[in-house]
Undergrad: 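Got a structure for you, questions after.
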Amino acid sequence: MDKSYEMYKKFRGDAQAAEVENRLKDAARFNLEAARYLLKAAKASSGRIRETRKRQAGVLVKFADRLEAKAAKSKAAKNTAAGRPDTPVGHLEEPGKSAGSTGSPEAVAEVDLSSATFFPEPKTGITFDDVAGLEEVKREIDRRVVKVREHQKDAAELGLRIGGGMLMYGPPGTGKTMFAKAMAETLDAAFFHVKASEIMSKWVGDAEKNVSKLFEDASKYRLSIIFIDEIEAMLKKRSKLRSTVAERVVNEFLASLDGFSTEEGKRLIFVGATNRPWEIDEAVLRPGRFDNKFHIGLPDLEARRRILELNLEGRAIEDDVDLDALAVQLEGYSGADIRNICDHAAGVTFDIRMKEKSKKKISHKYLLDAIEHIKPSVTGEIVKKFAEWEEIH
Ligand SMILES: Nc1ncnc2c1ncn2[C@@H]1O[C@H](COP(=O)(O)OP(=O)(O)O)[C@@H](O)[C@H]1O
Ligand SMILES: [Mg+2]
């Protein structure tokens, strides 16, 4: 590995450390240095690596700008005595995202092909109010995580800490990802959103290194949520077919999970989501590994009404739209289905506007037609499979 690249890594490390300590000005400066060395390293390389390095250097420069701006802002806030020294640094936007489509987290990872670097996602603004239903899960998270975070002194006196692992399982489109995002928002936590398939396929051979690096990167923030989607892809049941790579990944994951759940002061929350929990290795599911397992099922009547309401908010709708009646009709549909139905009805209304040159609004009938047109994406068979799995876990 060339010298410039080593220097890049050193300065990136320094930058991350500075960020953690909220020394934002230093973090900005170190990131600029890192970008400078990365450009040098790009010049010394070729092909895809060269392009990725160049691109990533640009991303780092923008990120440094943001840090600089944030440093100025927090200084101003302190001067007005309104500063919040306790604010986690996690809400800094991820550098990969700041350069638009050219700078994905994957691009960041591609720079060092031996192990990935992970950055938190930018804030989404999604809150628990945007997530319909799932009241029990919300209550449990409020009790076990949000309150404990808010009342750290009481919690510490009683030996309680937040962190540990949770697993959300349920059919697709039921709000698992949304829920995790709302959690990060509510806790003001750095949100590391990773798909298991990315860890497994992009850097084959180094997959287990990616797992440990993910936990390591996340632990640099004051409070982090690691959210791994499609987690079954990473934690497959042992079988003759399972490769040694997969074996090592499961072991590394268990070690990381056990490690952070026992270590004092490290505030990491692990959230896994899956549409196929039955594919997960049983060893991973043993008590103590995931403190909480939540079945995220199809929305009930009230939740369906709320999802309709959320999705029709701000759209031009006729007075005849009867949410209660529609919610009844929507039995068996997922939240994602309901969103599709609203979009479909809006599309139809738009076509009519164009054709009639009118100011047509979305009517009850158009919504009913859309329900007719779009079938539930989750079958009764799948619902049953989840219920059975819930029984035994
Ligand atoms: N409980 C819910 N409340 C509000 N919207 C929902 C809910 N479930 C699903 N949706 C809608 O469906 C979309 C997809 O949900 P998502 O969280 O990605 O599902 P999952 O991760 O379970 O597959 C969301 O962006 C949202 O528009
Ligand atoms: Mg999802």
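Just so you know, ligand 1 is whichever comes first in the structure, and atom 1 is the first atom listed for that ligand. In this chain, residues are counted from 1 in sequence order.
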Undergrad: Sub-3.5 Å donor-acceptor pair from the side chain of N311 to the main-chain atoms of I307, do we have one?
TA: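 Yes, because the side chain of N311 sits within donor-acceptor range (under 3.5 Å) of the backbone of I307.
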Undergrad: Tabulate below the donor-acceptor pairs under 3.5 Å that side-chain atoms of residues 380-388 make, not counting sequence neighbours, or state none.
TA:
none

Undergrad: Under a 4.0 Å heavy-atom cut-off, which residues neighbour ligand 1?
TA: D130, V131, A132, P172, G173, T174, G175, K176, T177, M178, I307, G335, A336, R339
Undergrad: Walk me through whether H393 and E282 qualify under side-chain hydrogen bond (donor to acceptor under 3.5 Å, both in side chains).
TA: CA-CA 10 Å; H393 288 93; E282 291 292 331; 3.3 Å; yes
Undergrad: Enter the distance from F290:CZ to L167:CG here, rounded to the nearest 0.5 Å.
TA: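 Reported to 0.5 Å precision, the distance equals 5.0 Å.
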Undergrad: Between F227 and F128, is there shared hydrophobic-cluster membership here, with clusters defined by ILVMFWY side-chain heavy atoms closer than 4.5 Å?
TA: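 Hydrophobic grouping puts F227 with F128.
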Undergrad: Has R53 got its NZ or CZ under 6.0 Å from the middle of the six-membered ring of Y5, at an angle within 45 degrees of the ring axis?
TA: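 Yes, a cation-pi geometry holds between R53 and Y5.
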Undergrad: Strictly under 2.8 Å of the Mg ion (ligand 2): which protein N/O/S atoms qualify?
TA: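 For the Mg ion (ligand 2), the protein N, O and S atoms that sit under 2.8 Å away are T177 OG1.
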Undergrad: Examine distances only and state if a side-chain atom of Y366 and a backbone atom of C342 form a donor-acceptor pair shorter than 3.5 Å.
TA: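 Flag not set: sc Y366 to bb C342 has no pair under 3.5 Å.
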Undergrad: Would you check if the side chain of E252 reaches a backbone N or O of V211 as a donor-acceptor pair within less than 3.5 Å?
TA: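 Not a single qualifying donor-acceptor pair exists.
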Undergrad: List for me each residue that meets side-chain hydrogen bond (donor to acceptor under 3.5 Å, both in side chains) alongside E279, sequence neighbours excluded, and say none if there are none.
TA: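 So E279 forms a side-chain hydrogen bond (donor to acceptor under 3.5 Å, both in side chains) with K236.
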